Novice: 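I am attaching a structure below and will ask some questions about it afterwards.
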Amino acid sequence: MKVLIFFLLTTSCVQAAVKPDKCWLDQKFSMFIHWGLYSELGGMWAGKPVTSGYSEQIQAHGGIFGDWYAAVAGRFLPGCWNADTVVALAKKAGMKSVVFTSKHHDGFCMYHSKYTDYNIVDATPFGRDVMKELAEACRRQGMRFGVYFSLIDWHFPQAYPISSHNADPLTPEHYEYNRKQVEEILTGYGPVSEIWFDMGSLTLQQSRGLYRLVDSLQPGCMISGRLGNDCSDFSVMADNEYPEEKIGVPWQTAASFFDETWGYRSWQKRGDPRVKTAEKIKSLVKVVSRGGNYLLNIGPKGDGSIVSFEREVLEKIGKWLEKYGEGIYGTQRNPFDRLYPGQEITLKGDCMYIFTDSLPDLQSIRLDGLRGNILAASYVGGGEIRFGRENGEWHLYGKNDRQPESPFTVICLQLARGWKIEPLLSPGKKHNLLVPAEAVPLYAYSSIDYYTGFRSMIAYTWGFEEAAPKIRPVVFYTDNEKGKDICMRVDGKEKRIRLEGGRKVKPASLLAGEKVKPGKTWIKNSGSVFGSRPLSGKKVYPGEEGSGWEEWTGFRWGAIQERKARERSSVLLLQELEAEKAGDWMVEVGSGNGIQVILNGEYISVHTSPRGQVYNRETVLLPLKKGKNQLLLKLYNRFEKKLCFSLDTCENAFIYRLEAGEYLLKPEKRHRCEVHLWHPEVPNRAMRLNNLRIKW
Ligand code: FHN
């Protein structure tokens, strides 16, 4: 693993990066290309459209015999393929790199592999190494070149057979085959900006082995999170997924033109290119304003030509970027702690760009927490915009005679040096006490494999008000956090604190067992994906007909429950709790391969467990409110034959109390405190500091 580097953004949020390749981070917009034998079929088999699944996976979804599918190579003659044209289009669209499918799940190599003749040079009448042509065209045109590489292979004889989910393990022979192919790609095609491993479910050793191989051959090559086991340089969201939260590691959203397919589909209904252009610009801005890279896919036809709809949309995006690209390229993510719907923000030095879809209908945009002066405000593309302060907050005022621009009106604010964003004060915040539930979390994306990934919390930030010139915080923690090294930064001054020792205490906020009455327990089977779409925020109505919840009268506190479970399945457990007063209640939760703990719709803890752990217990502090509470547990089984879990009270609960020393505060009303792990070995892994409390 590479050395972990922390660096501060303007907001002083922590951003962890394994390999902070500046060029990669600066790309913002890239082209994904899904092109292979499947493109020749264009989503059709035996004269009929194959309507289920992605069209690049037509072999699986169309139930096509391996030899029949392989025979398509005999007629694969992409006479319209021109690598320079493709790269020129990417350039015109404003993209900074191209990522090409060297091999997709069908196992057909779109480059000249010496380890199989199932490749475009040896198996087709075309006989040209199109990947080499593309790599060279990229170099000629100053475009970065990356490769997609499928970790599963439906053609390799010693691999697992085609499955419904594509997250199969790799046999030793298959792993070795992949290693050799990755090696030939990274030694034969010049500099590769990123390698986009996809699917499969590798052991930790296999993921590490491939990571090290890439790193030794091309240290500058960024490695995608889909390699699994958190061995990666950048996180990848689920397909076409756009995070709403702040992400603190390098990350990417891969998007297709249509959610239904990545590979060419001749019968796709494409609609109005202007509508699609607006949709994709919105996505691009959303990704960039959260600090990510937007990888937009094209699916060329079997003859190598680009679908005219896709070309038109990309050219339109390029036109838009010619005008508004100053708010995209060279920018940093939104510096505010809070995100507002309909408004995206980027930052370049002292210039703040606001992409809004709501002016001029709205009266004003409030820039909550912006401190300092605005020197000028204008529409990108021309025109001044009025601004002023109301009750200490900056506002921008829309002009009613101005036509809104599609899909965004873009505004540039010139800020006076020394501006800053005041940390957000949580509405429920109690004086002198910082608790995780009231923090602004910073996220990464932790992933064992495609189905076993989740939004992992990697830092907390709190805003607090304090008139004293200094504070002496104490940190409360439980056995769960014991032994961890944390970095606690207050007003920019950071200290390393080892969560070890301290006094064992029972703070007044800790609820005694008899103050909490467990109510009914409910159970329900849940999905096969662990957590790419978070569960929190959802109201649960277990009693409702059709909700799928069953009351579990036989549930026993403290007993280990064992349920037969399929791989990739989960169970939701809902426990009603009635608290006599508000406070922290300590429970012990046992789980298998992954768990989400949600209290009253808010995340308390989410994590997976290292492979091989069938059952493990952890202490969880539940900040109960007075009266009725809902504790929801999502218990996930990825690899085992059964799911083991438990829920127990902690009769002799106590907490450790540790002095954190003195922190001088800046002479300001509002202050910022940040906590994260001290140089974590794996930046994407959840820090699991959910029981932490800081008080002074
Ligand atoms: O199964 C593949 C799919 O065909 C496509 O390549 C996408 C691109 O992100 N990746 C997998 C599903 O997520």
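Heavy-atom basis, side chains included; hydrogens, waters and symmetry copies ignored. Note that the coordinates shown come from a computational prediction; the quantities given were computed from them, not determined experimentally. Atoms within each ligand, like the ligands themselves, are counted from 1 in listed order.
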Novice: Identify whether the distance between the nearest side-chain nitrogen and carboxylate oxygen of K276 and D272 falls below 4.0 Å.
Specialist: no

Novice: Please tabulate, for the side chains in residues 62-71, all donor-acceptor contacts under 3.5 angstrom to protein atoms that are two or more places apart in sequence or on a different chain.
Specialist:
{"residue": "Y69", "atom": "OH", "partner": "Y38", "partner atom": "N", "Å": "3.3"}
{"residue": "Y69", "atom": "OH", "partner": "D106", "partner atom": "OD2", "Å": "2.7"}

Novice: Would the number of heavy atoms belonging to other residues, nucleotides or ligands and lying under 6.0 Å from NZ of K524 be above 12?
Specialist: yes

Novice: Are there more than 12 heavy atoms of other residues, nucleotides or ligands under 6.0 Å from atom CZ of R274?
Specialist: no

Novice: Would K103 and D153 pass as an ion pair if we require N to O under 4.0 Å?
Specialist: yes

Novice: Around ligand 1, what residues show up once you keep those with a heavy atom under 4.0 Å from it?
Specialist: H34, Y54, E56, Q57, H104, H105, Y148, W196, D198, M199, R226, D239, W262, Y450

Novice: More than 12 heavy atoms of other residues, nucleotides or ligands under 6.0 Å from NZ of K282: yes or no?
Specialist: no

